Every structure is written in structure tokens, then in C-alpha cells.
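Keep in mind the model is a prediction, meaning the values are calculated, not measured. Proteins come first, then strands; the chains are lettered A, B, ... in the order of their sequence lines, and each starts at number 1.
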Number of protein chains: 2
Amino acid sequence: MKKSNTRIANKLKTPAVAVDALIFSVIKGKLKVLLIKIIGGPYKNKWALPGGLVGLKESLEDAASRVLSEKAGVNEIYLEQLATFGELNRDVRERSVSVAYFALVSSESFFPKTTEYYADIAWHDVGRLPEMAFDHKKIIEYGRERLINKLAYSNVAYALLPKKFVLTELQNIYEAVLGKKLDKRNFRKKVQEIKLVKETGETRQIGASRPAKLYVFSERRPRIIDIL
Amino acid sequence: MKKSNTRIANKLKTPAVAVDALIFSVIKGKLKVLLIKIIGGPYKNKWALPGGLVGLKESLEDAASRVLSEKAGVNEIYLEQLATFGELNRDVRERSVSVAYFALVSSESFFPKTTEYYADIAWHDVGRLPEMAFDHKKIIEYGRERLINKLAYSNVAYALLPKKFVLTELQNIYEAVLGKKLDKRNFRKKVQEIKLVKETGETRQIGASRPAKLYVFSERRPRIIDIL
DNA sequence: CCAAAAGTGTTTCCAATACACCCATGC
DNA sequence: GCATGGGTGTATTGGAAACACTTTTGG
């Protein structure tokens, strides 16, 4: 709220507004986050979340989508706001607040490419983060907790998988995020019981073993339902 | 994130940053929110959440505490960030983003007073909101959902009650927020079982009925635990 | 016939729910 | 003695968790 008009006339200075994108994926059974390596300035060679300032003519969510697309080459993914970080010393260069967004992608859906803006871009294991710029380590930790919670009471796992998948892959997503093994029978019973997924009729075979049934999510949009 | 230094040199303009305070309390069995009535400008005589711009030398949380104290006379209460709202048209006067904070107070702990800055200040029933400025109706609805969830998996109810209280009052808090009746025996069994509260040994009597035991919360700081 | 991953049911246990009467007090 | 709110226990049910073997395929 900014209530009296004098406030506006005064043009009281407020912090700069940025968005940061926390892009999660599960790759080879590990929870990963996409990071870029900063080229210059006081944070040179430090890793950071892809981000950018918010323009006057774009909403926060639009800014987050833009950053995702421009800086990481990611489109059409699950995106939601995580939280806003605004400690005084979070950026040594200028006072800023950052609205962190939380994104989920299927590892099959894209491969990061380095751009001219960054020294590097890569998936990092959330359990073993490199030295990071700003307060980004804190943001990632916060996001991870959110992800753990969301898996338990929503169907967002769909965003971490390709359209068609086998139940073992779905279970691997859960195990990677939660960091613990789940019982195969109970897991399968549950996801079918609550109609989280449905059979496609197709199967897929990898190597010399019994072909697995391919499933799709019953609904590929956020939905609240108890899973764990 | 704002990565390359040229960004900073350019001083790219970003939206103004404000904080809004969503102050909830349960009064006479109803969930209420504290609103102020705007004195002038395009939103004259509309109701809104207490709020204000964020200074360059204060963190977001400090700004929220300041607003709470200056604009609503509230101190020492439960405060957490809710979400940040940044649609293009949320404020007709200038482009702004608002970081909404979520506060809980005991209705005994303070009584709102009108200040020179506002035409009025009052508790409003969350179920019957007046016409409101900005996107504040949306913020309140969002906050209410957060509150419902938090009551279910945390002990934040302590912030809605005075230090000592009787179990019926605690149950009333839950019923007012959830909007449904709970079973008295099951409710009491549960809150004692999980050690949410403990007896003080004192009692309190109102009118001509059996005196009720006074309880306190085992812990008056946020704690995660399953209640419902 | 062996290796590799897929698939499948039953039992046990605990927590959530439903439910109705007696108690202490003031007037 | 009656009106008012305070306080208490048990039986039932449903979901969570534990648990091991058979199936299908390729080589």
C-alpha cells in the first residue's frame, strides 16, 4: 500500500526489483538445480540462479517467464512464486529485493546451453552446491522444502516427467526429492487409487527385462490431492 | 539476480516496492482482518490493508514491522511473509509490487485507533469485505487460505490468543478460521496428546457455570506439528 | 536357464471419527 | 433445583505401513 498522494509526488526511492528462477529437475535419480556462472563484477565466477530485473511494463510472473526463456531457454513449464528476499546486504552492488520463482522441468525436455551472458550454465546437485553469489543458497534451500511439501499434497510431479512415463520413473522422482526410499507396492497402490495417473495401453522396454506399462498423468495442471 | 554490471550502470527502472500487512484476529467467533479507509486520491474512501513503501535502508521484514507499528499500533506479533503481488494494473497511480505480510494478533492485545493518515480503521469480517482498493481483496483471500493451512500443521494459534486461555476459546479459534464445528472431545484429546498446550493450575469462571481450567501454549514460537 | 526390472495382495496397527452423559457453580 | 458451560471415555472404521514372491523378456 502506498496511500497518500504526497508519497508518490515525493517519489520516495525503493529497492530495485528482480526475479530469480529456481529451476528444478530430477536427473539420474538426483534432484538438480540449474545455475549460471557469473562473468564479471564482484561476483565474478560465482554461481547464481538465472535472474533479471523486472521492467515497468511486465508483471512479476511475466518477468519470471521471460528470464526462464531468455536466460535458460526454458518454455512451458510449471512456474509458481516462491518468496521474496529482501535483506539489506543480499547484493553488494545495490539495494534490491528478489522475487524468487520456482520452476519444474522434465530433464528430457531441454538441455542448458551457455550463452554470451554467462561463463557457464549447468545442473547442480542440490545436495552439493558450489560457492554461490547473493543469498541464492538460502533461496535454493527454501525452494527445496517447498518442493518436498508440494509433492506430498499435489500432482506437480507431472512437471518433472515427460508426458509418458513408467511408474518406476515416477517413484524415482519422489525418492530423489524426498531423499528416501519408498515401498514399491504401497506407492503403486496409492497413485492408482487416487487416480493420479492412468494407463496408456502402451508399454516400453529397456534392456532385457519385462516391458513396463506407460502411464500419463490424469491431469497435467496443478491439482491438490494427498499422496504421501 | 541482476548479473552484468552494465545493468546497474544503466539504472534500469523497476517497480516501486511496498509492503502490505494482513492482520488477522478472531473476535467474537469471527475471523477478522484489520483495514484502513483511505483519505484521498483515486482510492478515496475505499478500504485497504495498512501498508507503505519500503525504504532503501530497511529490510522487507523491518518495513513490515514498521508499518504494523506505525499504521496499526501493533507490536510483538506473529509475522511472516505471505506473497508478492505484482500485476501491472494493481495500483493505478504508479507501477508497484507489494510484498504482503501475514500477521496474527490476539483481539485482547490491542484496539485499533484512527490516525491522521486514514479516514477510519476497523476490523472487518473476512466473509463480508467492503469495497476495497488495489488488489487487496485477492491478498486477503490468499492469506485466509494460508491461515487455514497453518492452523492445521502448526501451533500458530498461540498468536491469536492471550497467554492464558481456556480450551473452548482455543476451539473457537479453530472453528472460526476453518468455518466448521469440531467435536469437543476429539479436539481436547488431540491438543493434549500432542502437547500443544499445558495446564496452568489456574481456573477462570464466567457467569454461573463451572470454572474452566486455564491453559498456556507449550511453546509460543512457530513450530510444525499435525493438529487436524 | 539366468539376469533384470515389472508387477502384484494381505495383514497389522494406529489414528481419526462418532457419539452422550455427568460435573461444578450461581442464582 | 435449574440453567450454564466445563469436562470426560469407548467403540468403530479406514488408511498407512510392513512385507516377498511371480512374471516377462533378452541373451
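- In this structure, Leu196(B) and Glu219(B) have side chains that are not in contact, with every pair of non-hydrogen atoms separated by 4.5 Å or more.
- Side-chain atoms of Ile194(B) and Lys190(B), non-hydrogen and from C-beta on, do get closer than 4.5 Å to each other.
- Phe165(B) and Phe217(B) have their aromatic ring centers within a separation under 6.0 angstrom.
- In terms of modelled atom types and a separation under 3.5 Å, the side chain of Tyr215(B) and the main chain of Lys164(B) share no donor-acceptor contact.
- Running 5' to 3' along DNA chain D, contacts with non-hydrogen atoms of chain A at under 4.0 Å begin and end at dA16(D) to dG26(D).
- Heavy-atom nearest nucleotides on DNA chain C were determined for Ile206(A) and for Glu199(A), and the one closer to the 5' end corresponds to Ile206(A).
- Sorted by residue number, the members of residues 160-188 of chain A with any non-hydrogen atom under 4.0 Å from DNA chain D read Asp183(A), Arg185(A), Asn186(A).
- Taking the side chain as every heavy atom from C-beta outward, Gln171(A) and Lys181(A) never approach each other to under 4.5 Å.
- The shortest side-chain heavy-atom distance between Val33(A) and Trp123(A) does not fall under the 4.5 Å cut-off.
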Tabulate atom names and distances for all N/O pairs under 3.5 angstrom spanning the protein and nucleotides 11-15 of chain C.
none

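- Taking for each of Gln205(B) and Asp226(B) the nucleotide of DNA chain C with the nearest heavy atom, the 5'-most of the two is the partner of Asp226(B).
- For the segment residues 210-218 of chain A, residues with any heavy atom less than 4.0 angstrom from an atom of DNA chain D are, sorted by number, Arg210(A), Pro211(A).
- Side chain of Glu131(B) to backbone of Lys46(B): no donor-acceptor contact under 3.5 angstrom is found.
- Looking at residues two or more places apart in sequence or on another chain, you find a salt bridge (Lys or Arg N to Asp or Glu O under 4.0 Å) between Arg204(A) and Glu169(A).
- Taking a cutoff of 4.0 Å between a charged side-chain nitrogen and a carboxylate oxygen, Glu175(A) and Lys180(A) do not qualify as a salt bridge.
- With hydrogens and angles left out, the side-chain atoms of Ser106(A) and Glu108(A) include a donor and acceptor closer than 3.5 Å.
- The salt bridge (charged side-chain N to carboxylate O under 4.0 Å, His left out) analysis of residues 191-200 of chain B, with sequence neighbours excluded, yields the pairs Glu199(B)-Lys213(B).
- In this structure, the CD atom of Gln192(A) is 12 Å from the C1' atom of dA6(C), given to the nearest Å.
- Using modelled atom types, one side-chain atom of Asp183(A) and one backbone atom of Asn186(A) make a donor-acceptor pair closer than 3.5 Å.
- Two residues, Gly207(A) and Ala208(B), neighbour DNA chain D, and the one matched to the more 5' nucleotide by heavy-atom proximity is Ala208(B).
- A salt bridge links Arg90(B) with Asp20(B): the distance from a Lys NZ or Arg NE/NH1/NH2 to an Asp or Glu carboxylate oxygen falls below 4.0 Å.
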